[in-house]
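Working notes, structure below.
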Amino acid sequence: MRIKYTISVIFIVALVIIEKENNIISKVSDKLTPRLTPLTPRLTLVTPLTPLPSTNDSERLQSSTGSLLDSTAGQRHVLLLAGTRTGSSFVGEFFNQLGPEVFYLFEPLWHVERMLTVESGGTNASVAAPAYRDVLRQLLLCNFSLLEDFMEPRPQEHVTAALFRRESSRALCEEPVCTLPARREFERYRCRVRRCGPLNLTLAGQSCLQRRHRVIKTVRVRQLETLRPLAEDPRLHMRFIQLVRDPRAVLASRMVAFSSRYRSWQRWAAGEELPLDQDEVRKLRANCDNIRMSAELGLQQPAWLRGRYMLVRYEDIARFPMRKAAEMYAFTGIPFTAQAEQWILKNTQASQEASGVYSTQKNSSQQVEKWRRSVSFRLVQLVQEECSATMRLFGYRPAENQQMLSDTSLSLIEDRTFL
Ligand SMILES: *[C@@H]1O[C@H](CO)[C@@H](O)[C@H](O)[C@H]1NC(C)=O
Ligand SMILES: *[C@@H]1O[C@H](CO)[C@@H](O)[C@H](O)[C@H]1NC(C)=O
Ligand SMILES: *[C@@H]1O[C@H](CO)[C@@H](O)[C@H](O)[C@H]1NC(C)=O
Ligand SMILES: *[C@@H]1O[C@H](CO)[C@@H](O)[C@H](O)[C@H]1NC(C)=O
Ligand SMILES: *[C@@H]1O[C@H](CO)[C@@H](O)[C@H](O)[C@H]1NC(C)=O
């Protein structure tokens, strides 16, 4: 009798323990496996060694026969495509901060654009687009030699002190790429956290090859279509993330950042009767059209893009940074790291709520819609006319009058999941 009783107690205790463990395990895997929205169909959390479903049969064959020791297994090449003032530097950090597996470059095309800028200002797209594409391809393959052709001054023996925003790339500021500067150079070549000598691009290329994943952020690609050859290059395992933001907020931000260029707009926005620079209006519209056309292409999922394209709104990242970061990592197949999680927590003031870290909301949507209190309805109306199709596609609701614009308790961001 006693033995029977003891056995049942042990049995129950064991059940309880198993149940608890299950709970813990499922909690942990909840944490590790971000719940995916329909944005990323068919993809579950992808570890670096799991081949992704591929649209290209021969590529799929290759990766499924590749051994676990194959250094390119699970390798990812990511382009973060955005416009200016869309928060792309911030989102780029989500990848820059991932750790030693990732080689991240910040706006390398700056050099290409500068060299190709024509006298009247701007670039000729039919010249710039192929140049951007070729430089990106070479960089994703860890070869800086084509970029060197566009650098001014030209690197000497592959060494330069002039790479644009080198300090924004951790890989270029860490061992072994960061070498101690000679004493007389000490003040000149500084990374954020340490002093480094001039940049040896051969060394940078070698370090790039040592890292499994490569990520480049750029605001200079106008049309996703122009990057099709990269998606089709079997040496690259491309993922494209297009980052978009409410064009009204972008314009408000540009008017602060480049205030001298927008002086007449400021006066016009304040109600003065003066002719608006039609060139700038055309640029505004062209910019919105380019962003929309790229997104429409991506969302249509032509065969060459299938499983390779993700659309992200800046507003969603600002409100749900951890959740959106997890979605982006899951989509690219690059594992989330504790280091990145720490960085995001620290830099978004996301608080840990009972519902779990992935549902945390950056301070508030108020932060995201702050621009609404600093722009006039007249300006907003102009953007809403020039960019109406773009705004509709991304779920940015038009403001009908000044009152609706300034009442931030009424959100102008519709909930959307794309795809
Ligand atoms: C698929 O990849 C192979 C190399 O792995 C390449 O030769 C072929 O052109 C690709 N096909 C398509 C349709 O992209
Ligand atoms: C852009 O470059 C192409 C090729 O060099 C040329 O044919 C075209 O006329 C140029 N367009 C403009 C607007 O300069
Ligand atoms: C880099 O690419 C250039 C051609 O653009 C080629 O000549 C060179 O050998 C490549 N370097 C490496 C290390 O592959
Ligand atoms: C740059 O790094 C490469 C690879 O380590 C090395 O062979 C070369 O000598 C370095 N160049 C200079 C000028 O130090
Ligand atoms: C959120 O932002 C508001 C101002 O926009 C500030 O007063 C408040 O303290 C912030 N809350 C948190 C939790 O950071």
Side-chain angles (χ1 to χ4, degrees), residues 71-72 75 77 79 100 103 105 108-163 166-167 169-186 188-191 194-214 216 218 220-223 225-227 229-230 232-238 278-287 289-290 293:
S71 65
T72 64
Q75 186 176 47
H77 300 86
L79 285 177
F103 189 87
L105 289 176
L109 297 182
W110 182 87
H111 295 283
V112 183
E113 180 183 54
R114 200 173 64 145
M115 185 148 290
L116 295 180
T117 295
V118 294
E119 249 169 62
S120 55
T123 54
N124 178 336
S126 57
V127 175
Y132 290 161
R133 181 198 62 213
D134 293 344
V135 170
L136 288 173
R137 188 203 308 263
Q138 289 297 304
L139 289 174
L140 290 170
L141 294 168
C142 298
N143 187 333
F144 283 80
S145 68
L146 192 53
L147 181 65
E148 286 187 36
D149 293 342
F150 289 96
M151 289 180 69
E152 178 68 43
R154 229 195 122 76
Q156 298 293 308
E157 295 177 55
H158 309 293
V159 172
T160 179
L163 184 78
R166 170 193 183 176
E167 71 276 12
S169 168
R170 287 185 67 132
L172 300 181
C173 288
E174 287 172 354
E175 300 287 351
V177 184
C178 175
T179 53
L180 217 62
R183 195 172 297 134
R184 65 188 165 76
E185 301 168 333
F186 227 61
R188 281 176 61 207
Y189 311 116
R190 228 187 293 187
C191 279
R194 60 197 292 184
R195 294 193 168 104
C196 303
L199 179 62
N200 180 334
L201 292 168
T202 309
L203 207 52
Q206 288 168 356
S207 161
C208 169
L209 286 170
Q210 299 297 316
R211 296 176 182 238
R212 189 187 294 272
H213 312 294
R214 291 137 207 184
I216 299 178
T218 178
R220 294 179 162 80
V221 173
R222 298 275 161 264
Q223 292 283 344
E225 175 84 56
T226 61
L227 300 179
L230 302 191
E232 290 176 336
D233 189 327
R235 295 169 297 175
L236 303 177
H237 309 274
M238 287 308 306
Q278 287 304 312
D279 238 27
E280 285 293 327
V281 177
R282 261 193 299 277
K283 268 190 218 161
L284 172 69
R285 174 186 277 272
N287 201 24
D289 286 345
N290 278 332
M293 282 154 68

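Numbering of ligands and ligand atoms starts at 1, following listing order. These numbers were taken from a predicted model, which means no experiment stands behind them.
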remark   = Quick note on ligand 2: atoms under 4.0 Å from a heavy atom of S126 include exactly 1 (C), 2 (O), 3 (C)
Working for disulfide bond (SG atoms under 2.5 Å apart), residues C191 and C173 = CA-CA 6 Å; C191 279; C173 288; 2.0 Å; yes
message = Are T179 and N200 packed together at the side-chain level, in the sense that at least one heavy-atom pair is separated by less than 4.5 angstrom?
response = no
ask   = Is a side-chain donor or acceptor of R214 paired with a backbone partner of F103 at a separation under 3.5 angstrom?
value = no
query = Short list, please: which atoms of ligand 2 are under 4.0 Å from a heavy atom of V127?
reply = 2 (O)
request  = For S145, take its heavy atoms, then give the atoms of ligand 3 lying under 4.0 Å from any of them.
outcome  = 1 (C), 2 (O), 3 (C), 5 (O)
Anything under 3.5 Å between an N or O on ligand 4 and a protein N or O? List each pair with its distance, or write none.
unit_1, atom_1, unit_2, atom_2, d
ligand 4, 2 (O), N200, OD1, 3.3
ligand 4, 2 (O), N200, ND2, 2.3
ligand 4, 11 (N), N200, ND2, 3.0

ask   = Taking C-beta and beyond as the side chain, do P176 and Q210 meet within less than 4.5 Å on heavy atoms?
value = no
note = Heavy atoms of L172 and L105 approach each other most closely as CD1-CD2, 3.9 Å
inquiry  = Quick check: do R137 and P229 have side-chain heavy atoms less than 4.5 Å from each other?
reply    = yes
ask   = Considering only heavy atoms from C-beta outward, does the side chain of D233 approach that of L140 to under 4.5 Å?
value = no
ask   = Side chain, backbone, both or neither: which part of L146 has a heavy atom under 4.0 Å from ligand 3?
value = neither
request  = Compare all side-chain heavy atoms of Q278 with those of V281 and state whether any distance is below 4.5 angstrom.
outcome  = yes
